[in-house]
Structure formats: structure tokens, C-alpha cells
Amino acid sequence: MSKACLARASYITTRLRSSKSKKAVCTGLTAVLASVLFGSFDGQGHADPTPIEGFQAPFVFGRFTVPADNPLTEEAFELGRNLFYDPILSGDNTMSCATCHEQARGFTDGRARSVGHNGEELDFNAMALGNLLWGPQLFLWDGRSPSLEHQALQPLLNPIEMNQPLDALLDELSASAHYQEMFDAAYGEISEQAVSKALATFVRLLISADSKYDRYLRGEIKLNDQEEHGRKLFMAHPDVKTSLRGGNCIDCHSQFVTAGFAEGFDGFSNNGLDPDTDLKPGLSATTDYDGDHGKFKVPSLRNIAVTGPYMHDGRFETLREVLNHYNEGIVLSSTLSPLILEADNEVADPTQALGLQLTEVEIDAIIAFLHTLTDEAFLSNPKFSNPF
Amino acid sequence: MINLLTAKRQLMGAGLGLTLWSAQVAAQSPMTLEFHAMNGDAPFIFDEFVHSDPIGGEPFRLRDFRFFLSNVVFSDGTRQFAVPESYYLIRFDGRSQTYEVTIPEMPLQTVSEISFAIGLDAQTNGSITPRGDVDPNSRMAWNWEIGYKFVLAEGALRGADGLIPLVYHVGFDENMREQSLALNLESGAREIAFDVDIMALFDGETRLDLSALPTVKMDRDDASALADNFAGLVKPRK
């Protein structure tokens, strides 16, 4: 927590208010300033990279951390963007990151499960990319990557994804005058670390904050009646005793970021997809802790309307199918979230709750609210697009 | 535990020259608060059906127990030190039954009393600005119109007819509870250990029948009864 930073722009005010915030900004700034103060990378007279300062992020997203050894710079971002879209990153030079992460689809691929370089289907759905400075700082569905830098190389190294030996990649990059220049400007060298750092920087700066919901949070617009109804349901855990109806979304998806919670393993959950006999290890493969069996990363819902199919294995085609699951399809298992098991809008018998039991009108309202999370400016932002 | 830790510090102090060491402590020194999850006198076990419903007797398990501890003030009998921005989320689960909070600077030499709140003051509870461990995008957030959960306990009870999920989310401004604890510490002690008797939530002034009241969330009467139960949650470690 102490190393965290607060975003400097704000929905409510444009200035940081508390002393905590003042301290918090330092990490991000120190990281940037360090590269300025210490000058060139290797003493051979390379120009300093240009720090990215004051980028816009809503203060309601909260604190974030940028690794001190990979400050945000313009050169790193541009290099990362080039690498992200370049098939040179796959062993047979047919696939780039963007093959499975298309901008117009919120950086997903529209498939239930992604397909690797040789046509083989993977086990998992391509995760959407956006606002990854916030939410869980463990990456991939099972949380096995402790940083975006680590995550960036995993698809390359996987023989059924991009199948790219790193030494061969470094040879290919070194043979390119274009990349020699870009790496030199960003990191002073072509290396495995520089590849991962540049990709992480690009992904880190894919910030979506101009959806209808964001404009609502900034007080610029009102949601329509159906969207507002859906927002209220999204934010409420149902309580039959007090006649509070709820969709229970906020128990896993935070209210502003809409991703899983950032702290520790709070951003991972078993949401009742499978019985014990069919549960995949999920987070427990990373933590080796039985209580994590069958838990998967809770993804951001930003741009969710364009990132289907849904769930870690893409089993649901549409948002309606997702809502039907939570409404009537919860499957019991040993690590199922008590919050999901308990959440019910109708039945008082707690042993019988297997879904939310929302009405059709309420389901439509939640889906309408989920559509307010689509950020057209993000999906078509030229800065995030293919540079080639 | 306290005695052991203090003894260790004193040995270190003797090595450095006790006078000098004491002066340093008084000027600027961290203070560590150590919390232990307990069921009565025994360490609390998570994720296993080893606890008993105080009335019905059915076995239950918890996967988490968390609470906000805020507005910490130390006193040496005459002077007080209020820890700035002290908003801590104390968290226990199957991974960890102890939780440490380190306060970077605590200028009092001798502490004879600590006071704090369980829960959040109304100003913080009504704000969406992150403050200490208070984070509007965290699991303790209900939503920005209601505020935060002050105390969270989640688990399951094995009833006659099947598994009953247990969800206790206690919040609302009126349910913040303040505690003052007299401490019997040696001069210069820089660690204080506390017991957190989780069962106190269910078995206090109000004794709960968990199978009859497996969840408490928005009902103000239920929430207030649990708040009275957690009012004495934290005690100096035995």
C-alpha cells in the first residue's frame, strides 16, 4: 500500500487532497524522475527517455503502482506498441499479441478459447486488456504472473501459443534497424527484459475512462431509467429481510474499477460454474492452497459488451447467458463463494439458494448498465492502434 | 508474548547502551501492533467445520474475518499521541491467523493505554477517497451511497438440511464502536500483542443462533446487535 500512487486527474476535483495522496504520488514520480536524474543508461551518451507525466486517470480508480525499474516513458510505450502489433513476436512470424487482443473488441478475440500458432485451441479465453494498473496485480486467469512484465512473455514462451524462443527473437530484433533505434531510445539495449518492459508499459497505459458510466461518475450526464435501475442492482447484495433487491455484482467487481479487488488474492473467486469433480485448479495452481481450488481471476467489466464470449473458458456466448448463470445456474462446490451461494432475491431458505432469482426486467436493466461500460473512444483510440 | 518480545528488545538495548537506546526510542521509533485471531483461548481455525453455533450447536466454518481498526490513540497517562491517518484493515483467513500493523513513528516512551475504533468515522465512511486501508474499490466497500463494511465474516454452517452460507457484513455509521484498553507494558516496549476473539461477534451481549440468522447485512437492528457484540472484540493478549 505504501508504494501506491493515486491517479492525478480526478472526477470530483483536479487536485489531490490529503497528505496521504501527496506521498502516494511520489512513487510514480520518483520512478520517472530517477531516469532523468541518472541520465543515460550505459554512459555512452544515449538520450534520456521522455517521462510520461500527468496522464489522465480518474481518481475513483484509486492508487496504482508503476515498478521503479520500469518507469512510464514515451519511448517505452511506442516500442511496446510496435512489439504488440508485430508478428515478429511469434516463432513462425504469423501471430502478434493483437491476433488474440483486438482493440475494437476491448483487446479480446471474439472466440471462446484462443487459438495458437498451429491452430490448436488453448484452455482459456483471451483476457480483455484495459485499466490493468488497477484491480488484481496478479495476472492471467490463475494469477501466475506477479507483474505485467512477467505476463508479457508468457504467450511467447508457450509452445502452443506463440512458440517464440527468446534468443531467436533477440536476433531478429537486432537485425532490424527500426527496432535497434527504438530499443536504444527506450532502454539503451535490446534484451529480454527490455521486450517485457516495453510490452508491459504499452499494456499498462491502455486506460479506459470515457464510457457512459465514467461520464455519469463525472457528473456530466445522467443514466437513463433502465441503466440507473441496473446500476443500483449491480451495486447491491440482495437482502430479502430488508426488501433490498440486488444483482450482487459488486461483491466481486469493484464499484468504479469494476475489476476484481486489488488486495492480495481478493480478486479471485469461484463463481459456481462447475461441481467439485470438474473444477480446474485455477488460483490453487499458483498458490498451492486448497482453499483456492477453482478460483479464477475476476476480470474488469469495462467494455464487457464487446468482449464476449465470457468466463475463463468462454462458455457463455452472451451477457444474457452470463446473467442466466448467476440467476439460476449456480453449481455447488467446496470453494464456491459464500456470497454467491447466499445471494437470493426471493427465497428465505438458505440451503436452497442456487441463483439470484431476478426478474426479466431486472436482468435487462443490469445488461443495460453493463452496456454503459463500453468506451468507444478507447476502442478506437489511434494511440492504441496498429502502428504498421 | 509481550514479555518475550520486550525482553528481546531490552537485551538489544543493553548491548547498545541503555540510555542512548531509550533516547532514540523516545525520539522516533516504530510501534508494531500484532493481532491474533482466537476462538476463546485457542487460535481460530479457518476453513474447517470446527466451531459451534452458540445456540444450535451445529458446526460452522469461516473463510475470512476482517475488520477496520481506526483512529488509534496512545497515551502514557499524561500525554497522548494520535496516529495520523490510522485506518487499518485487520484481516485473517486460512493463510494467516495473525496480522501486524506497523506505525512508523510513535513518540511516547511508555504506553499505558491505547484507544481506537472498530469501524470508521462517519466522514471516512462517507468518502470515496482512498485513506489508509480504506479503498472504495475493495472488498470492504458496500457502495458509495452506504459506505463500508466495518466487520466482515463469511463462511458456512452445516445444518440438518444442508450447507447454509454465513454472511455477516456489519456497517453503518452508528455501529462504529470505540475501545480503550489499559496496557501493562514495560518502558520502551515497541510491540503490543492483541487477541481478537472472533466468537465474540456471535456470542456476546446477544447470543446468536447462526442457523436462524445466517446473514446480517442491511437490517439495522441485526447490525446494531452485532456491533454491541464486537464492541469488546480486541483485548490485550493473554
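Letters go in sequence order (proteins before strands), and every chain restarts at 1.
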d(B:L163 CG, A:S334 OG) to nearest 0.5 Å is 10.0 Å
To the nearest 0.5 Å, tell me how far B:K217 NZ sits from A:L244 CG. 8.5 Å
Between B:R220, B:E154, B:R139, the one whose heavy-atom pairs under 4.5 Å with chain A are most numerous: B:R139
So which residue, B:S138, B:A156, B:P84, ends up with the most heavy-atom pairs under 4.5 Å with chain A? B:S138
For residues [X] and [Y], report the shortest heavy-atom separation together with the two atoms involved.
X: B:R95; Y: A:L283; value: NH2-CD2, 4.5 Å
X: B:R91; Y: A:E263; value: NH1-CG, 2.6 Å
X: B:G155; Y: A:P338; value: O-CB, 3.6 Å

Taking side chain as everything from C-beta outward and backbone as N, CA, C, O, which of these in [X] sits under 4.5 Å from a heavy atom of chain B? Side chain, backbone, both or neither.
X: A:S254; answer: both
X: A:T335; answer: neither
X: A:Y289; answer: side chain
X: A:P238; answer: backbone

Carboxylate-amine/guanidinium proximity below 4.0 Å for A:K241 and B:D221: no
Taking atom [atom1] as the centre, does [X] end up with more than 12 heavy-atom neighbours from other residues, nucleotides or ligands that are less than 6.0 angstrom away?
X: B:E145; atom1: CD; result: yes
X: A:D225; atom1: CG; result: no
X: B:D121; atom1: CG; result: yes

Please look at [X] and chain A and tell me whether the side chain, the backbone, both or neither of the residue comes under 4.5 angstrom of a heavy atom of that chain.
X: B:L166; result: backbone
X: B:R61; result: side chain
X: B:L152; result: neither
X: B:D222; result: side chain

Taking [X] for the side chain and [Y] for the main chain, is one N or O donor matched with an acceptor at less than 3.5 Å?
X: A:D239; Y: B:M218; answer: yes
X: B:N137; Y: A:F256; answer: yes
X: A:Q255; Y: B:A141; answer: no

Classify the ring geometry between B:H169 and A:H237 as parallel (under 30°), tilted (30 to 60°) or perpendicular (over 60°). perpendicular
Pair A:D251, B:W142 - check side-chain contact (heavy atoms from CB on, under 4.5 Å), show working. CA-CA 8 Å; A:D251 279 335; B:W142 263 344; 5.8 Å; no
Trace of the side-chain contact (heavy atoms from CB on, under 4.5 Å) decision for B:I128 with A:F59: CA-CA 9 Å; B:I128 52 172; A:F59 106 96; 4.1 Å; yes
